[in-house]
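To keep things clear, I will list the structure first and then write my remarks on it.
Predicted model, so just to flag it, every value in this text is computed and none were measured.
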Amino acid sequence: MEYTKFFSTLVSASGTPNLETDQFKKLMNIIHLEGQLAGVDKIIKQFKHIDGELRYSIVQRSIKDQITSITQGHSPKELLDSWK
């Protein structure tokens, strides 16, 4: 997760970079794709002994739980409003 780690460190050290809308969208797409790749790698590595769909549902449940924890069950609009 080369790009994710780099930008995470940058934001922690210097704050949010001032990006154009297209640049921000590209950054979010890169981070998302790296996350997907990390998820696939995790499934391959950690769940190779579990057969079929159960392996994916374990990872899926974990990701959904993380999203719920971060968003506290708010809709996207509610979450954005809570950050203002």
Side-chain angles (χ1 to χ4, degrees):
M1 301 207 11
E2 175 184 2
Y3 294 91
T4 301
K5 288 178 184 176
F6 175 83
F7 285 107
S8 177
T9 302
L10 176 72
V11 168
S12 294
S14 305
T16 306
N18 186 16
L19 301 173
E20 298 289 329
T21 301
D22 285 344
Q23 294 168 328
F24 179 74
K25 287 162 71 173
K26 284 180 185 179
L27 174 60
M28 295 304 295
N29 284 333
I30 291 166
I31 291 170
H32 172 73
L33 291 169
E34 283 189 326
Q36 284 185 312
L37 184 57
V40 170
D41 290 345
K42 180 178 181 177
I43 291 168
I44 291 169
K45 190 180 284 183
Q46 292 184 348
F47 300 101
K48 61 184 169 193
H49 62 283
I50 298 173
D51 291 328
E53 290 186 27
L54 179 59
R55 141 184 6 179
Y56 301 107
S57 65
I58 291 170
V59 175
Q60 183 183 43
R61 180 78 258 150
S62 173
I63 293 168
K64 286 182 177 182
D65 289 347
Q66 290 175 51
I67 291 170
T68 299
S69 175
I70 293 167
T71 64
Q72 297 180 356
H74 293 336
S75 71
K77 183 179 181 335
E78 291 168 338
L79 183 63
L80 181 61
D81 289 344
S82 74
W83 290 344
K84 292 180 181 179

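Hydrophobic cluster membership differs between Ile50 and Val40, with clusters built from Ile, Leu, Val, Met, Phe, Trp and Tyr side chains linked at under 4.5 angstrom. In this structure, Ile58 is a member of the same hydrophobic cluster as Ile63, with clusters built from ILVMFWY side-chain heavy atoms closer than 4.5 Å. Taken together through direct or relayed side-chain contacts under 4.5 Å among Ile, Leu, Val, Met, Phe, Trp and Tyr, Ile44 and Leu33 form parts of separate hydrophobic clusters. Hydrophobic clustering (side-chain heavy atoms under 4.5 Å, transitive across Ile, Leu, Val, Met, Phe, Trp, Tyr) groups Tyr56 together with Ile67. Note on Ile43 and Leu37: separate hydrophobic clusters, where clusters join Ile, Leu, Val, Met, Phe, Trp and Tyr whose side-chain heavy atoms are under 4.5 Å apart, directly or indirectly.
Looking at every heavy atom in both residues, Ala38 comes nearest to Met1 through CB-SD, 3.5 Å. The two residues Glu2 and Glu34 have their closest heavy-atom pair at N-OE2, 3.1 Å. Shortest non-hydrogen contact noted between Leu79 and His74 is N-CB, 3.8 Å.
Taken to the nearest 0.5 Å, the CG atom of Leu27 stands 8.0 Å off from the OG1 atom of Thr4.
Of the N and O atoms on the side chains of Gln66 and Ser62, at least one donor lies less than 3.5 Å from an acceptor on the other residue.
Applying the salt bridge (charged side-chain N to carboxylate O under 4.0 Å, His left out) test to Lys5 and every residue at least two apart in sequence or in another chain returns nothing.
Salt bridge status for Lys26 with Asp22: absent, with no side-chain N to carboxylate O gap under 4.0 Å. Salt-bridge formation is detected for the pair Asp81/Lys77: a Lys NZ or Arg NE/NH1/NH2 atom is positioned less than 4.0 Å from an Asp or Glu carboxylate oxygen.
The closest side-chain heavy-atom distance from Ile31 to Tyr3 is not below 4.5 Å.
In this structure a side-chain-to-backbone donor-acceptor pair under 3.5 Å is missing from Gln60 to Ser57. Panel note: side chain Thr68, backbone Lys64; a donor-acceptor pair is recorded below 3.5 Å.
More than 12 heavy atoms of other residues, nucleotides or ligands shown are found within 6.0 angstrom of CG on Asn29. In this structure, Gln36 places its CD atom where more than 12 heavy-atom neighbours from other residues, nucleotides or ligands lie under 6.0 Å away.
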